[in-house]
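Comments concern the structure below.
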There are 2 protein chains.
Amino acid sequence: MSTASLDRRARRRQQTIDEVLDTAVEIMTEQGAGGLSLGEVARRMGIRPPSLYVYFPSKHAIYDALFARGARDLFDTMQEATHGFTASEDMAQTLLTAGSAMVRWCVANPAYSQLLFWRPVPGFVPSQEAYAPAVELVVSSQRALTDLQEQGLLRTDIPVDQVFRDWTIVIAGITSQQLSNAPDETFEDGRFTSALPDLVEMFCRMYGTRSPAATARPTST
Amino acid sequence: MSTASLDRRARRRQQTIDEVLDTAVEIMTEQGAGGLSLGEVARRMGIRPPSLYVYFPSKHAIYDALFARGARDLFDTMQEATHGFTASEDMAQTLLTAGSAMVRWCVANPAYSQLLFWRPVPGFVPSQEAYAPAVELVVSSQRALTDLQEQGLLRTDIPVDQVFRDWTIVIAGITSQQLSNAPDETFEDGRFTSALPDLVEMFCRMYGTRSPAATARPTST
DNA sequence: GTCTATATGACGATAGAC
DNA sequence: GTCTATCGTCATATAGAC
């Protein structure tokens, strides 16, 4: 058996694994994250349910792979979106960029969002490996806030943890409201996603230091 | 058959109905709102599953009754908490009172909260009757904001709809974060519920007019 | 109103032929 | 690596005796 054939086989296997996960996401997007069934995955792939066990040892393993995939994708998306922006002189712009990227991804990936941020599957706990990118994202975000402090844009008399907590609440609130009440709207035309600029303003007014935007008043949308 | 015996029978029937719903809430609290099963309800009540069909025609009917019950209870709780507070001269106090009552109820009733605000049950759509108290609550809240405007405490250059939208985002964010990340903490010691005063401050700084609190700066918690 | 018995089907998962 | 066959369990729901 040549190494070339091994590579081909491994590649083909990975393709099938990806197809399983893609199909699972498709179903979870339609039925909710808790509505995944292996029979439905197999049916859509044109195979029989037992064949899935060649690629995943259990249903929980599929959830775990999806969690890992979602966390990695979100982390990469956020990294790309905020590249170089920690050097910005405008806190509102920095937060709006990061917040937009985050909320946009969540709205575009409701199945992953439910799996990552809610608890839709009774008994499922992600493995440490799957969870790792999510931890990285938290650390990276807190670091970005610390950077803002060191630039003098963010108040230093408040712990970063507190600012971060409030920031996650705002982002979670927008995402939760949008996905729960109007899941079919996009980020661009969402009735709740459109509140992001206002809430960033609110946030900067509270926690920002000298940003000019902190004194401006928002207009009606 | 006397009317007295009819009353007794009706009362006993209502007791059993309540016991079914209480048991269902218990299960949903432990397993998540989507994890309800009639077999488990019957087991905990010490009866057989078919007996449940004497009181409810289907599982969806149980969900609907729970939705109605939750919406009514939340509405009543909010009515009681905000009684007379629309006459307050302090917008921050008014919002903190209402927000505390709302978040406290949600944290204390995670099963109802999931059913009312998320979409944990694929295919379940609450009936108009069950949904009615939820609509009442929205109307009542918007009315309270309008009252604040008429008292000159809330900016009049911004549509009430927009203020209400942002307010629901803040409340949903706190609740969502608390229930998803630390569901076993109470309202009093919650790591996210404790953010409510800060966020109310933030809100008043943005949308309030002349409240003294709008110029004060929050301290570290 | 409660039960037994049952219909009907989905589910996750395993064994073993090919 | 895919299949058929099947296990065991659970689910919602119905029929009919008591």
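These values consider heavy atoms only, across backbone and side chains, with no hydrogens, waters or symmetry-generated copies. So that the names make sense, note that chain A is the first sequence line, chain B the second, and so on, each numbered from 1. Computed from a predicted model, the values in this text were never measured in an experiment.
Residue contacts for Tyr55(B): at a heavy-atom cut-off of 4.0 Å it reaches the sugar-phosphate backbone alone, with no base atom in range. Counting non-hydrogen atoms under 4.0 angstrom, Leu36(A) reaches the backbone sugars and phosphates but no base.
Protein atom CZ of Arg43(B) is 18 Å distant from nucleotide atom P of dT2(C), rounded to whole Å. Per the geometry, CE belonging to Met45(B) stands 12 Å off P belonging to dG1(C), to the nearest Å. One interatomic measurement links the two molecules: CD1 of Ile62(A) to C1' of dG12(C), which rounds to 11 Å at whole-angstrom precision. In this structure, CD1 of Ile17(B) is placed 11 Å from P of dT2(C), rounded to the nearest angstrom. Taking atom CG of residue Leu52(A) and atom P of nucleotide dG12(C), one finds them 10 Å apart after rounding to whole Å. When rounded to the nearest whole Å, the span between CZ of Arg9(B) and C1' of dG1(C) equals 9 Å. Between the C1' atom of dA11(D) and the CD atom of Gln31(B) lies a distance of 15 Å, rounded to the nearest Å. Put simply, CZ on Arg48(A) is 13 Å from C1' on dA5(D), counting in whole angstrom units.
In terms of heavy-atom proximity, Gln178(A) sits nearest to Thr193(A) at OE1-N, 3.2 Å.
Within a 6.0 Å sphere centred on CZ of Phe187(A), other residues, nucleotides and ligands contribute more than 12 heavy atoms. When the shell of 6.0 Å around CZ of Arg13(B) is examined, it contains more than 12 heavy atoms from other residues, nucleotides or ligands.
A distance-only check finds no donor-acceptor pair linking the side chain of Ser176(A) to the backbone of Ala172(B) [under 3.5 Å].
The salt bridge (charged side-chain N to carboxylate O under 4.0 Å, His left out) pairs that include a residue from residues 100-125 of chain B are Arg104(B)-Glu188(B), where partners are two or more places apart or lie in different chains.
Regarding contacts with the backbone of dG1(C), every side-chain N or O of Ser51(B) stays at 4.0 angstrom or more from both OP1 and OP2.
When the nucleotides dC11(C), dG1(D), dT2(C) are ranked by their closest atom to the side chain of Ser37(A), dC11(C) comes out on top. Distance from the side chain of Ile47(A) is smallest for dC3(D) among the nucleotides dC3(D), dG1(C), dG12(C).
With sequence neighbours excluded, the residues that form a side-chain hydrogen bond (donor to acceptor under 3.5 Å, both in side chains) with Arg43(A) are Glu40(A).
Ring centroids of Phe203(A) and Tyr207(A) are separated by less than 6.0 Å, placing the two rings close together.
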Expected string for nucleotides 13-18 of chain C under the B/S/- scheme (protein heavy atoms, under 4.0 Å, primed atoms plus P, OP1, OP2 as sugar-phosphate) is BB----

